[in-house]
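So the structure is just underneath, and the comments pick up after that.
Given the structure is predicted, the values throughout are model-derived calculations rather than measurements.
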Amino acid sequence: MGRVGLTTERLVRAGAELADEAGFEEVTVSALARRFDVKVASLYSHVKNSQDLRTRIALLALDELADRAADALAGRAGKDALTALANVYRDYAHQHPGRYAAAQLRLDPETAAASAGVRHAQMTRALLRGYDLAEPDRTHAVRLLGSVINGYVGLELGGGFSHSAPDTDETWARVLDALDALLRNWPAA
């Protein structure tokens with residue numbers, strides 16, 4: 001092991017790179033062993049199994065996204081904050097498609113509660129304070145934003161918008177305008 005300097009962190013980062021190159025579903029302990037030219041068994045002192053590796057990549061992606069979102073949101077409110085947050089997710093997905101897919105991995109409740117996913121929810125809720133939404137509407141709005149942003153990005157990455165005009169950047173801007181208008185004029189229950 002010492003000859004290749006393997007650590008859990010190095011394996012997770014290599015797994016994240018593999019996810020971006022080949023797809024998150026292709027990340028396995030066996031694939032990493034091939035990448036490092038070591039026996040699979042030698043990696044089990046660092047990760048339990050492929051699911052543990054995928055979970056660690058998901059946690060890495062959530063951390064990276066949360067850090068980027070916090071930087072983008074600093075000092076912003078209203079539509080400016082909404083646009084900044086949405087662009088962080090979209091840009092990250094384009095730069096790191098495998099990691100973005102990893103960030104969508106369903107985590108067990110204990111792992112999720114200790115993850116940066118909590119920071120994501122807190123930042124989205126903070127953004128929504130600029131729209132003066134009370135509960136339960138704030139929770140509905142958090143779910144709406146997540147659904148629209150992730151749905152759009154997923155369709156875009158999958159080529160769902162590549163067959164027609166207008167350009168996806170133009171549509172993205174209009175989607176964000178529409179979300180802002182909806183949040184400012186949230187329908188009464």
Side-chain angles (χ1 to χ4, degrees), residues 15-28 31 54 57-107 112 115-117 119-133 136-189:
E17 291 169 11
L18 177 60
D20 289 338
E21 295 164 11
F24 184 56
E25 65 283 347
E26 299 300 319
V27 175
T28 64
R54 287 188 196 104
I57 295 167
L59 294 173
L60 171 69
L62 288 169
D63 281 337
E64 290 175 345
L65 265 168
D67 290 344
R68 288 182 183 200
D71 288 345
L73 287 172
R76 294 193 163 132
K79 184 178 180 208
D80 192 33
L82 171 65
T83 300
L85 181 68
N87 284 337
V88 162
Y89 286 106
R90 184 175 182 231
D91 293 346
Y92 187 82
H94 284 274
Q95 293 164 4
H96 301 289
R99 293 179 204 206
Y100 187 77
Q104 313 306 314
L105 182 70
R106 184 179 185 143
L107 302 173
S115 77
R119 286 178 59 204
H120 290 271
Q122 290 169 338
M123 285 185 277
T124 305
R125 287 179 174 283
L127 174 158
L128 290 171
R129 282 195 292 264
Y131 291 99
D132 196 30
L133 296 175
D137 289 329
R138 190 173 300 144
T139 296
H140 297 318
V142 167
R143 292 172 180 169
L144 172 73
L145 291 177
S147 298
V148 172
I149 293 167
N150 288 313
Y152 188 93
V153 168
L155 289 168
E156 185 178 34
L157 288 176
F161 303 137
S162 62
H163 307 295
S164 63
D167 181 73
T168 57
D169 289 338
E170 182 180 336
T171 303
W172 181 247
R174 297 293 290 145
V175 166
L176 296 178
D177 288 342
L179 284 172
D180 175 63
L182 172 63
L183 291 169
R184 282 186 286 108
N185 300 290
W186 192 263

request  = Please name the residue in the list V153, I149, L85, N150 that meets the side-chain contact (heavy atoms from CB on, under 4.5 Å) test with R90.
outcome  =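 The side-chain contact (heavy atoms from CB on, under 4.5 Å) with R90 is passed solely by V153 among V153, I149, L85, N150.
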Pair listing, ring-ring contact (aromatic ring centres under 6.0 Å, His included) test, anchored in residues 155-189, at least two apart = Y152-F161, Y152-W172
Over all heavy atoms of both residues, which pair between [X] and [Y] is shortest? Give the atoms and the distance, please.
X	Y	value
G15	V27	O-CG2, 3.5 Å
F24	A101	CB-CB, 3.9 Å
L182	P187	CD1-CD, 4.0 Å
L62	A103	CD2-O, 3.9 Å
G159	S162	O-OG, 2.8 Å
Y92	R68	CD1-NH1, 3.4 Å

task = Run the salt-bridge test on D177 and R174 with the 4.0 Å N-O cut-off and return the result as yes or no.
result =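 Between R174 and D177 there is a salt bridge, with a charged N closer than 4.0 Å to a carboxylate O.
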Non-neighbouring partners of D80 that pass salt bridge (Lys or Arg N to Asp or Glu O under 4.0 Å), sequence neighbours left out = R76
key: Qualifying residues under salt bridge (Lys or Arg N to Asp or Glu O under 4.0 Å), relative to E64, sequence neighbours excluded   = R13, R99
To the nearest 0.5 Å, tell me how far [X] [atom1] sits from [Y] [atom2].
X	Y	atom1	atom2	answer
N87	L82	CG	CG	9.0 Å
T171	L155	OG1	CG	11.5 Å
R119	D63	CZ	CG	7.0 Å
E156	D169	CD	CG	7.0 Å
H96	I57	NE2	CD1	13.0 Å
R54	T28	CZ	OG1	7.0 Å

inquiry  = Please determine whether side chain to side chain contact (heavy atoms under 4.5 Å, CB included) holds for the pair D137 and L128, giving the CA-CA distance in whole Å, both sets of side-chain angles, and the decisive distance to 0.1 Å.
reply    = CA-CA 10 Å; D137 289 329; L128 290 171; over 6 Å; no
Do [X] and [Y] touch side chain to side chain, with heavy atoms closer than 4.5 Å?
X	Y	value
L107	L59	yes
R125	T139	yes
D71	V88	no

task = Could you check L144 against L179 for side chain to side chain contact (heavy atoms under 4.5 Å, CB included), going step by step and ending with a plain yes or no?
result = CA-CA 9 Å; L144 172 73; L179 284 172; 4.1 Å; yes
query = Should the pair Y100 and Y89 be assigned to parallel (<30°), tilted (30 to 60°) or perpendicular (>60°) ring geometry?
reply =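 Perpendicular.
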